[in-house]
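Quantities reported herein were computed from a predicted structural model and do not represent experimental measurements.
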Amino acid sequence: MPPRKLARPLVWLESFTAAVEAGSIEAAAEHLGVARSVVSEHIRSLELALAEGATLLERGPGRRLQLTARGERLFAGTQTPLHQLDMKRLRDLASAEPVVRLGLNPTLSLSLLGKVARDAAATGLKLVLSFGGPHELTRQVQTRQLDLALDFTPLPPHEGVESESLLRMPFVVLAGPDSALAVSAAGRKALHVKDLEGHPFVDWLRDDPYGGANSARFAAHGVSVQEVARAESFLLLYDLLRAFRACAITPDLRAMHPFPPDIRAWPLREEEPQAVEVVALWPSGSLSPGASSLLGGLRQPV
């Protein structure tokens with residue numbers, strides 16, 4: 001099979017990267033086995049295509065090439081598999097305006113996106129948003145496709161990723177307004193998993209760690225519930241609780257966003273209380289100024 005031919009912008013990027021790492025056009029040309037003029041032409045083509053002609057490299061002390069501010073963003077953001085790069089992303093990286101590529105757990109978009117968007121707008125940051133589960137968000141941070149991601153614990157292994165806990169939340173029991181549990185436990189201040197015996201229950205998807213945690217709770221106490229639905233996020237949960245007149249065990253999101261007024265909530269009493277954390281993730285050693293600014297805002301109460 002003949003070798004796969006790189007798209008033209010990636011050929012230009014190869015010359016740019018070689019020049020950065022070698023420190024000169026001449027050394028880059030020797031490394032790539034091409035003429036000096038070819039490397040120069042590739043770098044200039046990249047500057048015209050991505051940076052409106054602005055320079056990405058300049059001469060430093062000893063005439064060694066060094067990156068401009070735009071070149072630094074481009075170089076840092078392209079240390080990732082070539083098949084994950086396209087012209088739109090490359091233009092974002094080399095843009096004169098600061099850009100933050102932010103990944104969000106869908107549930108957290110309900111609670112945090114408004115604040116993040118306001119902070120970005122107030123500081124002139126352009127946001128490029130995507131959504132995903134923990135495995136997808138962690139992989140995108142590892143490969144530097146995202147500058148910052150916000151998710152819940154537990155997280156998959158994340159080598160090459162730095163993280164910070166922003167909020168710790170205990171678990172609660174929720175119930176739809178017309179559910180049998182809402183009636184029978186109306187005067188209770190807290191509920192135990194045993195109180196859910198026989199009730200209609202909305203669980204999390206089986207590959208979701210919360211679903212596994214609920215199964216373990218029920219098994220440990222010999223509790224049987226009537227599973228009527230499974231949810232992927234809070235974006236789906238409330239309507240399911242209302243329609244099925246059911247209950248659920250969930251993290252207590254009220255520190256970020258109130259539950260709907262018709263949804264009943266009780267603290268979950270457990271012999272060994274568990275908690276979930278909201279965490280920020282970013283590539284190791286590469287927290288961009290824009291991402292740092294958003295992270296600073298997230299450290300404040302929502």
Novice: Does any N or O in the side chain of Trp266 come within less than 3.5 Å of the main-chain N or O of Ala186, such that one atom is a donor and the other an acceptor?
Specialist: no
Novice: Going by atom types alone, do Ser111 and His257 pair a side-chain donor with an acceptor below 3.5 Å?
Specialist: no
Novice: Backbone N or O of Ala27 within a donor-acceptor pair of the Ser24 side chain at under 3.5 Å?
Specialist: yes
Novice: Would the number of heavy atoms belonging to other residues, nucleotides or ligands and lying under 6.0 Å from CD of Glu30 be above 12?
Specialist: no
Novice: Under 6.0 Å between ring centres, would you say that holds for Phe201 and Phe218?
Specialist: yes
Novice: I'd like to know if Asp178 and Arg242 make a salt bridge, using a cut-off of under 4.0 Å between side-chain N and carboxylate O.
Specialist: no
Novice: Can any side-chain N or O of Asp239 pair as donor or acceptor with the backbone N or O of Leu236 at less than 3.5 Å?
Specialist: no
Novice: If we count only N and O atoms by modelled type, under 3.5 Å, do the side chains of His31 and Glu26 hold a donor and an acceptor together?
Specialist: no
Novice: Counting N and O atoms only, with roles assigned by atom type, does the side chain of Gln142 sit under 3.5 Å from a partner on the main chain of Glu159, one being a donor and the other an acceptor?
Specialist: yes
Novice: Any idea how Phe259 and Phe234 line up, ring-wise: parallel (<30°), tilted (30 to 60°), or perpendicular (>60°)?
Specialist: parallel
Novice: Does a donor on one side chain and an acceptor on the other come within less than 3.5 Å for His221 and Glu270?
Specialist: no
Novice: Using a 6.0 Å cut-off, check whether atom CZ of Arg245 has over 12 heavy atoms from anything other than its own residue.
Specialist: no
